[in-house]
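Small disclaimer: the values here were computed from a predicted structure and weren't measured. By convention in this document, chain letters (A, B, ...) are assigned in the order of the sequence lines, proteins followed by strands, and residues within each chain are numbered from 1.
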Number of protein chains: 2
Amino acid sequence: MSDKKHSPVCEDNIVHEDILQKVTSEMPEEEFLYELADFFKVFGDTTRIKILYVLFESEMCVCDIAKLLGMTQSAISHQLKILKQSKLIKYRREGKTVFYSLADDHVRTIINQGVSHLCE
Amino acid sequence: MSDKKHSPVCEDNIVHEDILQKVTSEMPEEEFLYELADFFKVFGDTTRIKILYVLFESEMCVCDIAKLLGMTQSAISHQLKILKQSKLIKYRREGKTVFYSLADDHVRTIINQGVSHLCE
DNA sequence: TATACGTATGAACAATTATTCATATGAAAA
DNA sequence: TTTTCATATGAATAATTGTTCATACGTATA
């Protein structure tokens, strides 16, 4: 918890030097911040969250996810691609069918973190 | 880790009953899923992430955040509103100045979760 | 090979969203 | 009260994004 204070410097045109140094040293690089935002963006869509919840229960093929969620195969496939790119899910092919499953338990942890924040 | 498997049922028009029941019983209500997605959406923007990183260091007034990030006061104020609505930050007024700070350490935990996922 | 089926994907459209601009609010000082 | 300064906010614009539609790809089977 940061209980430090600093007086506003809005009259000047420069922020206090010590704060400025601390902030700029702790702030990740621009590119990393974009990756970070993109990562969280993945969880910022109900369809993708629903897909993840479905995969909490069982590995599943695309058409079954689509049926369970009452959406088109195409829509699900597009979202699965995004989840795959973020390395939140993995897949294995079995003939014509592709089975998707959670990449690891990280996903559960992150979603639960969000859930517990909302339930406070 | 879910290591259960189920054969695809894409020929039929119905997903296996047991899976369907499990999924629908574990799936949160639609409204909650929207709140959850909206919550993660907040972290899905670099400006807001930057603001949170700045507040990791110190409580700060709007104009200083704007100066630190090289953005307009208006843009920052709009984003602070969103962060406030999500209860990620709090504020206190001191004369004309409004100081913003993190609501609790939850924010740090969530961001670090994202960071560690990216760094794997 | 030809057909069928499950999945992937590019383009287009509709909806959402971040920033800017102009202006309003709120508080202190003249 | 009037002015000044910090912050908030509504409307407009530009950019991003989710879904649909049409179609392509991959694999198995006839």
Notebook entry, point to check: For the side chain of Ala75(B), counting heavy atoms from C-beta on, which of dA8(D), dT19(C), dT27(D) is nearest?
Noted result: dT19(C)
Notebook entry, point to check: Any side-chain N or O of Arg48(A) under 4.0 Å from OP1/OP2 of dG18(D)?
Noted result: yes
Next item on the list: Return yes if the base of dT20(C) and the side-chain atoms of His78(B) contain a donor-acceptor N/O pair under 3.5 Å, otherwise no.
Entry: yes
Next item on the list: May I ask you to evaluate whether Gln79(B) reaches the phosphate of dT17(C), defined as a side-chain N or O under 4.0 Å from OP1 or OP2?
Entry: no
Next item on the list: Could you tell me whether Glu120(B) and Lys87(A) make a salt bridge, using a distance below 4.0 angstrom between a side-chain N and a carboxylate O?
Entry: no
Next item on the list: Provide, to the nearest angstrom, the distance between the NZ atom belonging to Lys67(B) and the C1' atom belonging to dT7(D).
Entry: 13 Å
Next item on the list: Provide, to the nearest angstrom, the distance between the NZ atom belonging to Lys96(A) and the P atom belonging to dT3(C).
Entry: 16 Å
Notebook entry, point to check: When you measure from the side chain of Met71(A), which nucleotide among dT7(D), dT19(D), dT7(C) comes out closest?
Noted result: dT19(D)
Check: Per the side chain to side chain donor-acceptor pair (under 3.5 Å) rule, which among Lys84(B), Lys50(B), Arg48(B) passes with Gln79(B)?
Finding: Arg48(B)
Check: Do Gln73(A) and dA8(C) have a side chain to base donor-acceptor pair shorter than 3.5 Å?
Finding: yes
Checklist line | Which atom of Phe39(A) lies closest to which atom of Gly114(B), heavy atoms considered | finding: CE2-CA, 3.6 Å
Checklist line | salt bridge (charged side-chain N to carboxylate O under 4.0 Å, His left out) between Lys41(B) and Glu35(B), intermediate numbers included | finding: CA-CA 10 Å; Lys41(B) 230 176 268 182; Glu35(B) 286 176 34; over 6 Å; no
Item checked: Nucleotide dA8(C), atom P - distance to CD1 of Ile82(A) in whole Å -> 13 Å
Check: When you check the phosphate oxygens OP1 and OP2 of dT9(C), does a side-chain N or O of Lys81(A) lie under 4.0 Å from one of them?
Finding: yes
Margin query: Whole angstroms only, please: what is the OH-P distance between Tyr91(A) and dG26(D)?
Written below: 12 Å
Check: What's the CG-C1' distance between Asp45(A) and dT17(C), to the nearest Å?
Finding: 14 Å
Note to self: For Gly95(A) and Lys41(A), find the nucleotide of DNA chain D closest to each by heavy atoms; which residue's nucleotide sits nearer the 5' end?
What the structure shows: Lys41(A)
Notebook entry, point to check: Does Thr72(B) have a side-chain nitrogen or oxygen under 4.0 Å from the phosphate oxygens OP1 or OP2 of dT20(C)?
Noted result: yes
Check: Hey, does the side-chain of Ser74(A) have a donor or acceptor N/O within less than 3.5 Å of a partner on the base of dC21(D)?
Finding: yes
Next item on the list: Could you check whether Tyr100(B) gets within reach of a base, just the sugar-phosphate, or nothing at all, counting any heavy atom under 4.0 Å?
Entry: sugar-phosphate
Check: Just by modelled atom types, is the Tyr53(A) backbone N or O under 3.5 Å from a matching donor or acceptor in the Arg108(A) side chain?
Finding: no
